[in-house]
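Structure record follows, encoded as structure tokens.
Everything quoted here is computed from the prediction, not taken from an experiment.
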Amino acid sequence: QVQLVESGGGLVQPGGSLRLSCAASGPLFRTNAMGWLRQAPGKERDVIASITWNGAITYYTDSVKGRFTISRDNAKNTLYLQMNSLTPEDTAVYYCAIGFRLPIPKLLGEFDDWGQGTQVTVSS
């Protein structure tokens, strides 16, 4: 159906920034909602941001609101997550996800597939 490949993770100091990218294969990317999930060590995977197929509407969980920005470029089949003011609590594996059923998924079960993830570590 669709392959999702995340990139851009790494080690960053508290207060720093990172930009994650997700390259999608196939035509499904352009007509479906997308999102970013994350899973911290010992915790469940959570939805942190999502975006409608055309980028018109976005959703953020409270813990990242005002610091993270989700965006997409349908011409490039790419999803982005700009992360600013990072804290150690943001340390996690970050996953790009696609949802086929809702305009803007907000729960894990509302997404249908995701990539292998990219590690983000915030530490001094």
* Asked: Between L20 and W36, is a side chain to side chain contact (heavy atoms under 4.5 Å, CB included) present by the stated rule, with each step listed?
  -> CA-CA 10 Å; L20 304 184; W36 287 97; 3.7 Å; yes

* T118 backbone acceptor or donor facing E6 side chain under 3.5 Å -> no

* **Residue K76 excluded, over 12 heavy atoms near NZ under 6.0 Å** => no

* To do: Hey, could you give me the CG/CH2 distance between L108 and W114, rounded to the nearest 0.5 Å?
  => 4.5 Å

* To do: Take atom CD of Q119 as the centre, draw a 6.0 Å sphere, and report whether it contains more than 12 heavy atoms from other residues, nucleotides or ligands.
  => yes

* To do: Report the distance from atom SG of C96 to atom CD of Q116, rounding to the nearest 0.5 Å.
  => 11.5 Å

* Where the side chain of D112 meets the backbone of F100, is there a donor-acceptor pair that is under 3.5 Å apart? -> yes

* To do: Measure the spacing between OG1 of T91 and CD of E89 and express it to the nearest 0.5 Å.
  => 8.0 Å

* Asked: Between the main-chain N or O of I104 and the side-chain N or O of S50, is there a donor-acceptor pair closer than 3.5 Å?
  -> no

* To do: Check for a donor-acceptor pair, side chain of R72 on one end and backbone N or O of N77 on the other, with a separation under 3.5 Å.
  => no

* Can any side-chain N or O of D90 pair as donor or acceptor with the backbone N or O of L86 at less than 3.5 Å? -> no

* Structure fact -> Output for pair (L4 CG, S25 OG), nearest 0.5 Å, gives 7.0 Å

* Asked: Can you list the steps and then say if I48 with I70 is a side chain to side chain contact (heavy atoms under 4.5 Å, CB included)?
  -> CA-CA 10 Å; I48 59 169; I70 187 172; over 6 Å; no

* Asked: Do R45's NZ or CZ and the ring of Y95 fall within the cation-pi criteria of under 6.0 Å and 45°?
  -> yes

* How far does OH of Y59 sit from OG1 of T52, to the nearest 0.5 angstrom? -> 14.5 Å

* To do: Flag yes if more than 12 heavy atoms outside Q3 fall under 6.0 Å of its CD atom; otherwise flag no.
  => no

* To do: Check for a donor-acceptor pair, side chain of R67 on one end and backbone N or O of S63 on the other, with a separation under 3.5 Å.
  => yes

* To do: Start with the C-alpha distance between Y94 and L37, add both sets of side-chain angles, then the distance that settles side chain to side chain contact (heavy atoms under 4.5 Å, CB included), and finish with yes or no.
  => CA-CA 6 Å; Y94 285 71; L37 322 174; over 6 Å; no

* To do: Can you measure from CZ (R19) to CG (N84) and round to the nearest 0.5 angstrom?
  => 11.5 Å

